[in-house]
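Since the structure comes first, as structure tokens, the remarks are kept for the end.
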Amino acid sequence: MPVPFVDLQAQYRSIKAEVDAAIQRVLDTSAFVLGREVETFERSFAEYVGARECVGVSNGTDALHLALLACGVGPGQEVIVPANTFFATPEAVSAAGATPVFVDCDPVTYNLDAAKLEGAVTARTRAVIPVHLYGQPADLDAVGEVARRHDLVVIEDAAQAHGARYKGRRVGALARAGCFSFYPGKNLGAYGEGGAVVTNDAEVARRLRLLRDHGSEVKYRHEVVGYNSRLEGIQAAVLSVKLKHLDHWNELRRRHAERYREMLGPLEDAGALSLPREADYAEHVYHLFVVQTSARAAVQKSLSGAGVHTGIHYPVPAHLQPAYASLGHREGDFPEAERQARRVLSLPMFAELTERQLRYVAHAFEDYRAEGAAAAG
Ligand SMILES: *Cc1c(COP(=O)(O)O)cnc(C)c1O
């Protein structure tokens, strides 16, 4: 039985009538770029996250880039980011003209290790970007404490954590700005590219609105040199439909994670793999269900042979990417991030996973173990 890694078709089938009607509405009004659908979505998403403002942009990378600019980050400054994240996090820092400075990750939560944060602060540090990796909130209080001591701006990278809660409050609105991606495979995904920044700071929101639209608030009057990073009407209309389902979908993801834990627990007890843990302050939304195993290549091959599609997030940590060779890092600089890069394996995870599929994945793991035991013995 093939088990896909994500199944966007299954999700579309479950909301087809609503989505088709929403897209038709945009076609009928021709509000293709910004416009009413975008404003409506911005209002609903701000309310959902608990932020005063939401500014829709073209994608999650732009959300980070423009949020950094709106918070005054620029050339000559450093921005601290976790070594284990999607490349867009440090890339946005570079796009803003600043230099990414990496910090190692916590072995249990996979997130930026707040205990190591202060050691990375220099006189040039201007900001820090905690990433809520795989859907689990980073320890924002610990990050915030260091940020306050050193007068750093905190910008959340919530691209994998729509709806996740930190100490009961939704992430995104818990720092100066929170950045979201609506890439199709994210927990809240558009049918194309999309992103947003949420903030409680009216001045940051004003600057973001200028930056995303050629530095212009009034047509053909350009206050600053900006960008073209506008959210499209069709994407906003789709997102408004999907936002109504997000909590339910996240709840299903959490249930699937629990089933994986129940079924794979014995393998963890036997030392064959380790399962993701939820921090006591966190409500995880499982954008990804990431296990660790020292036999990753063999496990992945065996699962793939059984039709189970898996992923690796991410095989090379940011500090060892060729693009950042100029920063002069070498293997051993961030041992935990490097260890994770060798061991992590993401299992199929999406709201529409069935109990049969979940069981099949767990059985495929057991079969691998049985084969391994046979080969060894
Ligand atoms: C997806 C993602 C981004 C970038 O979002 P895009 O919409 O693909 O540009 C940034 N940070 C993290 C952690 C992501 O997962």
Side-chain angles (χ1 to χ4, degrees), residues 5-6 8 41 45 54-69 79-96 100 102-103 105-106 109-112 127-138 140 143 154-164 166 171-172 175 177-198 208 211-212 227-232 235-236 238-239 242 253 284-290 311-319 321 323-324 337 340-341 344 346 349-350:
F5 187 63
V6 290
L8 297 180
F41 172 70
F45 195 63
C54 169
V55 180
V57 295
S58 291
N59 55 67
T61 310
D62 280 5
L64 288 163
H65 175 202
L66 301 188
L68 286 161
L69 296 179
V79 177
I80 298 174
V81 301
N84 182 21
T85 180
F86 178 56
F87 189 67
T89 318
E91 192 178 31
V93 173
S94 302
F102 300 105
V103 164
C105 307
D106 181 271
T109 65
Y110 299 111
N111 276 321
L112 182 146
V128 52
I129 308 181
V131 180
H132 307 307
L133 199 66
Y134 311 148
Q136 164 135 277
L140 291 175
V143 170
V154 181
I155 295 174
E156 295 172 69
D157 182 341
Q160 301 187 357
H162 319 69
Y166 178 77
V171 298
C179 302
F180 290 88
S181 163
F182 304 125
Y183 190 75
K186 301 287 162 96
N187 288 33
L188 179 61
Y191 287 161
E193 303 273 358
V197 184
V198 298
L208 283 165
L211 288 168
R212 76 169 170 185
Y227 299 84
N228 176 354
S229 182
R230 300 171 296 216
L231 184 59
E232 297 187 351
Q235 304 310 336
V238 170
L239 289 166
K242 288 196 177 189
R253 285 172 183 269
H284 199 316
V285 292
Y286 296 96
H287 172 56
L288 298 169
F289 188 86
V290 178
I312 296 174
H313 302 88
Y314 298 91
V316 179
H319 66 285
Q321 291 289 348
Y324 282 129
Q340 289 171 15
V344 289
S346 309
M349 175 53 84
F350 49 93

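We count ligands from 1, going down the list as the structure has it; atoms in each ligand are counted the same way. One is the number of the first residue; the rest follow in order along the sequence.
Proximity of the aromatic rings of F180 and H162 is defined here by a centroid distance below 6.0 angstrom, and this criterion is met. Between H313 and F5, the ring center distance clears the sub-6.0 Å criterion.
Listed by chain and number, the residues in a salt bridge (Lys or Arg N to Asp or Glu O under 4.0 Å) with R212 are E42 (sequence neighbours excluded). Residues meeting the ring-ring contact (aromatic ring centres under 6.0 Å, His included) test with F350, sequence neighbours left out: none. Every residue was checked against the side-chain hydrogen bond (donor to acceptor under 3.5 Å, both in side chains) condition with H65, not counting sequence neighbours, and none meets it.
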Could you pull out the N/O contacts under 3.5 angstrom between ligand 1 and the surrounding protein atoms?
from, atom 1, to, atom 2, distance (Å)
ligand 1, 5 (O), S181, OG, 3.2
ligand 1, 7 (O), G60, N, 2.7
ligand 1, 7 (O), S181, OG, 2.6
ligand 1, 9 (O), G60, N, 3.3
ligand 1, 9 (O), T61, N, 2.8
ligand 1, 9 (O), T61, OG1, 2.5
ligand 1, 11 (N), D157, OD1, 3.3
ligand 1, 11 (N), D157, OD2, 2.8
ligand 1, 15 (O), Q160, NE2, 2.8
ligand 1, 15 (O), K186, NZ, 3.0

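Taking the six-membered ring where the residue is Trp, Y324 and F87 present tilted rings, their angle falling between 30° and 60°.
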